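Written below as structure tokens is the structure these notes are about.
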Amino acid sequence: MPSSDLMEKVVSLCRKRGFIFQSSEIYGGINGFWDYGPLGVELKKNIKDAWWRDMVRNPPLGPNGQEITMVGLDCSIIMNRKVWEASGHAAGFQDPMCDCKESKKRYRADQLEVFTGHPEMTPPLMYAFIKGDEDSLKAAVKKAEKAARSGGKKFTSAVASVSYMTIANNPDIRATVVGPDVDVPGTLTEARAFNLMFESHAGAIKDDDNLVYLRPETAQGIFANFKNVVDSSRVKVPFGIAQIGKAFRNEVNPRNYTFRSREFEQMEIEFFCHPSESRMWYEYWRDVRKNWYSTLGIKSEKLKPREQTSEELAHYSVGTTDIEYLFPFSDEHQELEGVAHRGAFDLTAHMTKSGQSLLYFDEDAWNRDATGRATNSFVTWMKGNPAAEEIGKYQFIPHVIEPSAGADRFTLAVLCEAYTEDKAPDSSGKMEERLVMKFHPRLAPIKAAIFPLVKKDGMPEKATALYRELKAHFNVQYDDGGAVGRRYRRQDEIGTPFCITIDGDTIKDDTVTIRDRDTLVQRRIPIGSVLTELRTLIG
Ligand code: ATP
């Protein structure tokens with residue numbers, strides 16, 4: 001299936017079956033905001049729960065087989081704005097953007113590409129398109145082909161393109177560029193910096209003193225609480241703090257469905273370690289995070305870790321890997337998650353701005369090296385006395401490894417990955433087209449559906465009893481509407497991995513059939529073992 005068709009089908013299914021709706025749709029919607037419907041909210045919650053369970057409560061063992069210490073946090077979305085001054089977001093969280101004077105649209109200038117002047121194009125115009133957006137690319141090619149044809153020439157989209165950034169500030173060249181949504185040249189403006197943070201005011205008075213920001217990432221709340229967590233829990237470096245929560249970015253050009261939204265959810269870990277071990281932990285998290293996606297059913301050829309080159313890296317970082325997924329809206333892999341080595345950058349910035357010490361004192365090392373002389377009160381005294389010479393050896397600013405994932409981007413990847421069209425037998429055994437969402441059972445919104453074969457002969461009573469037993473443990477559905485074949489199709493379309501049918505034999509011998517969504521195999525099992533069976537199958 002061509003990938004643009006697949007994207008359209010996913011979007012249409014999501015709306016039809018209640019996974020994702022446009023926000024405030026009855027008022028015409030609002031660009032960059034989305035609502036999760038009854039099935040979407042379950043799917044996204046399962047994704048967040050899987051992350052929390054696999055990363056926070058039960059993370060994989062460390063590089064040397066050791067247990068990993070992870071704790072959670074839930075910070076406020078609005079924080080003292082000094083947090084954003086310290087992190088650099090207030091001054092620097094900017095994207096270059098440009099406007100189209102004709103269409104009134106705004107674009108990320110660094111995401112615009114232009115076909116470079118091509119001798120066969122008449123007039124010698126340059127056609128701009130949004131990188132990674134197939135429709136935009138197609139529109140630019142069409143315009144260029146038309147222009148070439150009118151000059152008796154042929155345009156081929158194989159011509160090179162360059163980033164709009166390389167020409168944006170040259171007015172003569174800009175005058176020859178045809179923007180993505182217009183047919184005339186010279187309507188795009190130069191690139192200007194645009195801060196992506198949403199602003200608001202805390203308190204009754206809307207003045208500069210009360211200016212606050214909606215957080216553009218959850219990470220800074222973790223850094224701001226580093227000392228609180230160390231002082232209040234028994235964590236010791238190395239350890240991680242995890243948080244799931246909303247983040248807001250006033251994206252210049254929200255697009256590709258939920259992929260680039262203005263309100264989204266992040267699942268972030270800040271893992272604090274000794275500087276000498278930071279490379280080991282960076283490699284550990286890079287591999288752990290990539291494997292996590294595979295265990296939840298993302299095919300390896302669609303998943304690609306992309307290590308940043310040394311030129312791309314921030315000056316404080318020894319490595320950053322983007323874990324990318326091949327979404328159907330683009331023929332290039334796109335970022336699902338970034339795993340970044342951030343050095344001591346963030347804690348140093350907050351220590352400087354707040355004036356509070358965020359140094360970590362390694363009590364274990366101190367006690368080990370100074371057996372016999374260390375007492376707790378002495379350590380406390382040393383901590384409060386920075387002039388003490390020896391303390392420097394035991395005190396350091398931890399380095400940070402940050403695996404930062406997007407819950408919405410992964411939800412979208414899961415939806416795209418699950419979408420399958422195949423064939424299955426109807427109730428008379430004839431093969432028919434089937435649309436099936438092949439979600440990993442852990443992520444499926446509904447884990448099982450319970451069908452009484454007919455609404456009589458004691459079957460509804462048995463089915464209801466089973467439904468009541470199961471719903472205390474899983475999200476299950478009771479469905480007694482229409483032929484069983486139709487009920488299977490309905491459940492396939494929303495990705496329910498198991499369907500359990502109560503039939504005449506159930507009344508006789510207390511067995512049921514359990515049908516597997518993907519293999520279509522039906523097995524008979526005792527009704528009393530359904531719960532245990534589902535537990536094993538779902539994991
Ligand atoms: P991009 O380059 O795609 O804008 P980023 O590098 O700015 O992403 P980070 O700041 O590293 O993203 O944020 C971590 C994660 O948060 C991303 O990998 C992505 O999954 C998610 N994310 C970031 N921006 C958005 C957005 N506008 N909409 C949805 N998810 C987002």
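Ligands are counted one by one from 1 in listed order, and the atoms in each one are counted from 1 as well. Since the model is a prediction, treat every value here as computed from it, not as a measurement. Note: hydrogens, waters and symmetry copies are ignored here, and every other heavy atom, side chains too, is used.
Residue contacts with ligand 1 for E337 involve N, CA, C or O but no side-chain atom from C-beta outward (heavy atoms, distance under 4.0 Å).
Set against the non-hydrogen atoms of E251, the atoms of ligand 1 under 4.0 Å away are 26 (C), 27 (N). Contact atoms of ligand 1 toward G406: 20 (O), 21 (C) (distance under 4.0 Å to a heavy atom of the residue). Near S404, the atoms of ligand 1 lying under 4.0 angstrom from a non-hydrogen atom of the residue are 13 (O), 14 (C), 15 (C), 18 (O). Set against the non-hydrogen atoms of Q266, the atoms of ligand 1 under 4.0 Å away are 13 (O), 14 (C), 15 (C), 16 (O).
Classification of K131 and E332 as a salt-bridged pair fails, no side-chain N sitting under 4.0 Å from a carboxylate O. Taking 4.0 Å as the cut-off between side-chain N and carboxylate O, E324 and K290 do not count as a salt-bridged pair.
Y282 contributes no side-chain N or O that, together with a main-chain N or O of I401, makes up a donor-acceptor pair within less than 3.5 Å.
Ring-plane geometry between F33 and F198 is classed as tilted, the angle between the planes lying from 30 to 60 degrees on a 0 to 90 degree scale.
The protein heavy-atom contact nearest to atom 10 (O) of ligand 1 is R249 NH2, 2.9 Å. At the top of the distance list for atom 2 (O) of ligand 1, counting protein heavy atoms only, stands E335 OE1, 3.9 Å. Protein heavy atom nearest atom 4 (O) of ligand 1, with residue, atom name and distance: R260 NH1, 2.8 Å.
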Show me, pair by pair, the donor-acceptor contacts under 3.5 angstrom made by side chains of residues 231-246, not counting sequence neighbours?
from: D231; atom 1: OD2; to: K227; atom 2: NZ; distance (Å): 3.1
from: S232; atom 1: OG; to: N228; atom 2: O; distance (Å): 2.6
from: S233; atom 1: OG; to: V229; atom 2: O; distance (Å): 2.7
from: K236; atom 1: NZ; to: D364; atom 2: OD1; distance (Å): 3.3
from: Q243; atom 1: OE1; to: C75; atom 2: N; distance (Å): 2.6
from: Q243; atom 1: NE2; to: T218; atom 2: O; distance (Å): 3.1
from: K246; atom 1: NZ; to: E263; atom 2: OE2; distance (Å): 2.8

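In the model, Q111 has no side-chain atom that pairs as donor or acceptor with a side-chain atom of Y164 under 3.5 Å.
Looking at residues two or more places apart in sequence or on another chain, you find a ring pair (Phe, Tyr, Trp, His ring centres under 6.0 Å) between Y257 and W34.
Within the 4.0 Å heavy-atom cutoff, L336 counts among the residues contacting ligand 1. No heavy atom of F410 sits closer than 4.0 Å to any atom of ligand 1.
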